[in-house]
Amino acid sequence: MNSARFIRVATVTGALGATSLYFFYPSPSKAAPTSTERPLAPTHFTPSTVISTEVCDAQTRLITLAVPPKLAPNAAQLQPIWSVFIKDDDIQVERPYTPLEGIDEHGHMKFWIKRYPGGEVGRWLHTKRAGDQVELRGPLQTWLWQEGDWDDVIMISGGTGITPFYQLFHSYISRNATPKTRFTLLHSSKSPAELPPKSILQPLLDHRDNFRVRLFVDSIPLDENAPVDAKLQVGRIDRRAVEDSIGYGRSWWFKSPLPQRRILFLVCGPEPMITAIAGPYGRNYSQGPVAGILGELGFTAAQVRKL
């Protein structure tokens, strides 16, 4: 998950409370200390080492960081979806990113990071090479998955907004042969070349148990190929795609009622996409009212989460 979107989750309520809000809504002046002895935690930065950096396309890289195993949290105690803040040491600014596969026993975390023209930390990370040092803090809960709460979870993502959903897939969906919940991922990229790399897409496409994937691209240039062999739908994620994801049948003369199932929508991507799907964020990046396509369909704030 890239920077601007995750900070908006600072408004989560309930279990996170005011203490978590402090960590979810950082500023450059709120400099946490650095510790090389204390385990990874939200209260301080921990040095990590760049293990590898792999170019995916002109704007994105897969970057693997490692914290010392003795400082790594117990992976079994981490529930998706969670992130860490990474600090640009040059200008002392931090931004949150979601580890694709959580953290392993070696303290490794892999990120898919886009370089935005105005994104300080993303551009800074793209300059890093194996062996360089990067400071991070966390983990911080973006949204907590709880088994049994939902019959259908529809994840809608654009660009690197797929990262929290991949973490949920890797940590839970792929490890449960017969999950009670049906999961659907609707993902959009501008072109086939900008789709997530094969290491992300292929596991999603290969999984069949209560899990569906639909890939959308704005256009398909003649000289571009997708990183995987998959059916691509040209066009943006629209109302019809959302309706199809929940089995909402309609024709020009008849509209069926919403299915009587517990349905949750998770939306993560560029702000214009989130606005079109679920409505804009509220003041100070709160969730705001549900609008856009989901609002038109009658879904409520309890059924929609903007990440």
Side-chain angles (χ1 to χ4, degrees), residues 1-2 5 56-60 100 112 114 152-170 173-174 181-252 254-256 258-259 261 263-279 291-297 299 303-307:
M1 182 188 307
N2 50 20
R5 290 191 295 277
C56 300
D57 57 49
Q59 300 297 326
T60 67
L100 288 162
W112 187 41
K114 183 171 184 176
D152 288 272
V153 173
I154 292 87
M155 302 168 285
I156 303 176
S157 61
T160 53
I162 197 174
T163 56
F165 304 145
Y166 189 85
Q167 187 190 96
L168 177 61
F169 171 83
H170 177 81
I173 301 171
S174 67
T181 303
R182 295 190 310 190
F183 295 90
T184 300
L185 173 63
L186 308 179
H187 177 77
S188 177
S189 292
K190 289 183 178 179
S191 69
E194 294 186 40
L195 284 167
K198 185 175 182 178
S199 60
I200 294 176
L201 277 186
Q202 198 64 60
L204 297 172
L205 294 169
D206 289 343
H207 196 80
R208 294 289 183 269
D209 297 316
N210 279 358
F211 184 78
R212 298 177 298 168
V213 179
R214 294 178 65 186
L215 301 175
F216 298 77
V217 292
D218 291 355
S219 62
I220 304 180
L222 294 176
D223 59 344
E224 280 193 16
N225 294 314
V228 293
D229 183 16
K231 180 181 179 181
L232 304 180
Q233 296 181 237
V234 178
R236 299 186 177 181
I237 300 171
D238 57 12
R239 175 169 174 153
R240 186 56 183 267
V242 173
E243 290 175 341
D244 289 346
S245 72
I246 57 173
Y248 184 56
R250 70 185 182 103
S251 69
W252 67 274
F254 175 75
K255 182 185 293 184
S256 65
L258 287 173
R261 294 174 62 82
I263 300 173
L264 174 68
F265 286 90
L266 301 174
V267 188
C268 186
E271 195 162 321
M273 186 204 80
I274 291 179
T275 298
I277 299 293
I293 293 172
L294 297 181
E296 294 171 0
L297 289 173
F299 290 100
Q303 297 170 292
V304 178
R305 188 75 195 171
K306 306 167 192 176
L307 303 185

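Every value quoted in this text rests on a predicted model; they were computed, and no experiment measured them.
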Intermediate values then yes/no, side chain to side chain contact (heavy atoms under 4.5 Å, CB included), Ile293 and Glu243: CA-CA 10 Å; Ile293 293 172; Glu243 290 175 341; over 6 Å; no

To the closest 0.5 Å, what do you measure between NZ (Lys306) and CD (Glu271)? 10.0 Å

Tell me which pairs pass side-chain hydrogen bond (donor to acceptor under 3.5 Å, both in side chains) where either residue lies in residues 191-205, with sequence neighbours left out. Ser191-Glu224, Gln202-Asp206

Separation between CZ of Phe165 and CG of Leu186, rounded to the nearest 0.5 Å: 10.0 Å

Before giving the answer on side chain to side chain contact (heavy atoms under 4.5 Å, CB included), spell out for Phe265 and Ile246 the whole-Å C-alpha distance, their side-chain angles and the decisive distance to 0.1 Å. CA-CA 10 Å; Phe265 286 90; Ile246 57 173; 3.8 Å; yes

Of the non-hydrogen atoms in Tyr166 and Ile200, which two are nearest, and what is the gap between them? CE1-O, 3.3 Å

I'd like a table of donor-acceptor pairs (distance under 3.5 Å, sequence neighbours excluded) in which one partner is a side-chain atom from residues 211-220, with atom names and distances.
{"unit_1": "Arg212", "atom_1": "NE", "unit_2": "Thr184", "atom_2": "OG1", "d": "3.3"}
{"unit_1": "Arg212", "atom_1": "NH2", "unit_2": "Thr184", "atom_2": "OG1", "d": "2.9"}
{"unit_1": "Arg212", "atom_1": "NH2", "unit_2": "Ser245", "atom_2": "O", "d": "2.9"}
{"unit_1": "Arg214", "atom_1": "NE", "unit_2": "Gln233", "atom_2": "OE1", "d": "2.8"}
{"unit_1": "Arg214", "atom_1": "NH2", "unit_2": "Gln233", "atom_2": "OE1", "d": "3.1"}

Please determine whether side chain to side chain contact (heavy atoms under 4.5 Å, CB included) holds for the pair Asn210 and Thr181, giving the CA-CA distance in whole Å, both sets of side-chain angles, and the decisive distance to 0.1 Å. CA-CA 7 Å; Asn210 279 358; Thr181 303; over 6 Å; no

Can you check whether Met273 reaches Val267 side chain to side chain, under 4.5 Å on heavy atoms? yes

Enter the distance from Ile154:CD1 to Leu266:CG here, rounded to the nearest 0.5 Å. 9.0 Å

First locate atom OG of Ser189, then atom CG of Leu201, and finally report the distance between them rounded to the nearest 0.5 Å. 8.0 Å

Ile156 vs Val242, test: side chain to side chain contact (heavy atoms under 4.5 Å, CB included). Steps then yes/no. CA-CA 9 Å; Ile156 303 176; Val242 173; 4.2 Å; yes

Please report the interatomic distance OG1(Thr163) to CG(Leu100), rounded to the nearest 0.5 Å. 6.0 Å

Partner residues of Pro272 under the side chain to side chain contact (heavy atoms under 4.5 Å, CB included) criterion, sequence neighbours left out: Pro270

Locate the shortest heavy-atom distance separating Ile237 from Ser157; write the atom from each residue and the value. CD1-O, 4.1 Å

Phe169 and Pro203: which non-hydrogen atoms are nearest, and at how many Å? CZ-O, 3.3 Å

How long is the straight-line distance from CG of Leu195 back to OG1 of Thr60, given to the nearest 0.5 Å? 10.5 Å

Nearest heavy-atom contact between Arg182 and Asp152 is NE-OD1, 2.8 Å

Nearest heavy atoms of Pro196 and Trp112, plus distance in Å: CA-CH2, 3.6 Å

Show the nearest heavy-atom pair for residues Ala230 and Leu205, with the distance to one decimal. CB-CD1, 3.7 Å

